[in-house]
Amino acid sequence: MLVIVTKDYEEMSKVAAKKVAALIRKKPNCVLGLATGSTPLGLYRELIRLHKEEGLDFSKVTTFNLDEYVGLPPEHPQSYHYFMWENFFKHINIDRRFVFIPHGMADDIEEHCRWYEEQIAKAGGIDLQILGIGANGHIAFNEPGSSLGSRTRIKTLTEQTRKDNARFFGSIDQVPKYAITMGIGTIMDAREILLLASGKAKAHAIKITVEGPITAMVPATIVQMHPRATIIADEEAASELSGKYEG
Ligand code: PGA
């Protein structure tokens with residue numbers, strides 16, 4: 001596992017964007033796994049800049065998002081559909097037909113999850129998966145205790161995650177209780193993983209993820225098993241690491 005420590009959030013975002021852009025240039029029809037949350041926003045901003053100023057071409061890129069809240073329609077301002085279009089897709093030349101995000105209003109959620117996995121397989125698998133990390137070590141909505149071999153499915157959100165996300169909803173009561181999420185097994189099938197972390201609140205999760213034992217109680221620790229995983233953490237997020245890592 002490669003750990004890169006950057007000065008700050010800005011540099012973390014730029015280093016990540018460079019990696020993503022290099023892949024798109026090398027393989028214009030690559031398949032990206034994308035994440036929501038505050039962490040990847042700087043990465044998306046930088047990719048938008050590269051599209052506008054340097055012509056980075058997304059027209060053949062396929063994307064799969066990690067997760068979506070159950071019960072929120074795509075036009076809901078807190079849905080991950082809305083987040084992705086507002087913060088990224090509407091600013092680049094992505095082809096709508098190649099954008100996949102789990103549907104929070106699916107009638108048959110189990111069937112939808114199966115379909116989602118099938119679409120990933122049909123696209124040839126994910127080349128590069130972007131991940132954030134929760135303060136409790138979750139990846140996507142795979143909370144502590146999730147099976148390390150899990151596939152896309154419906155999950156109950158922990159109280160902690162609902163609290164963490166309440167800031168976007170106004171109050172915790174408005175935060176949905178369930179989400180559809182790619183499984184840990186789905187994430188591990190990606191050919192490459194890029195996990196981003198910024199800020200003090202993530203320092204403990206990053207310490208355990210990089211240096212702790214692998215455990216389902218900290219789902220992110222599974223990335224230690226991935227043959228091509230990179231963690232980009234800013235100095236604050238890396239502040240509890242005891243090893244020496246690339247600066
Ligand atoms: P954040 O969320 O990027 O908003 O910190 C990350 C996560 O909970 O996975």
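Counting starts at 1 for both ligands and their atoms, following the listed order.
Geometrically, ligand 1 and K202 share a nitrogen or oxygen pair separated by less than 3.5 Å.
Of the possible donor and acceptor atoms, one in the side chain of T221 sits under 3.5 Å from a partner among the backbone N and O of T215. Although no hydrogens or angles enter the test, the distance criterion places a donor-acceptor pair under 3.5 Å between the side chain of E211 and the main chain of G243. A donor-acceptor contact shorter than 3.5 Å links the side chain of E117 to the backbone of T152.
Among all protein heavy atoms, the one lying closest to atom 3 (O) of ligand 1 is T39 OG1, 2.5 Å. I133 O, 3.5 Å is the protein heavy atom nearest to atom 6 (C) of ligand 1. Closest to atom 7 (C) of ligand 1, if we only count protein heavy atoms, is H138 NE2, 3.3 Å.
Among the candidates I231, L2, V210, the single residue satisfying the side-chain contact (heavy atoms from CB on, under 4.5 Å) test with Y245 is V210.
Applying the 4.0 Å criterion to heavy atoms of G37 picks out, from ligand 1, the atoms 3 (O), 4 (O).
Ligand 1 lies less than 4.0 angstrom from a heavy atom belonging to R167.
In this model, a donor atom of one side chain and an acceptor atom of the other lie less than 3.5 Å apart for E68 and H81.
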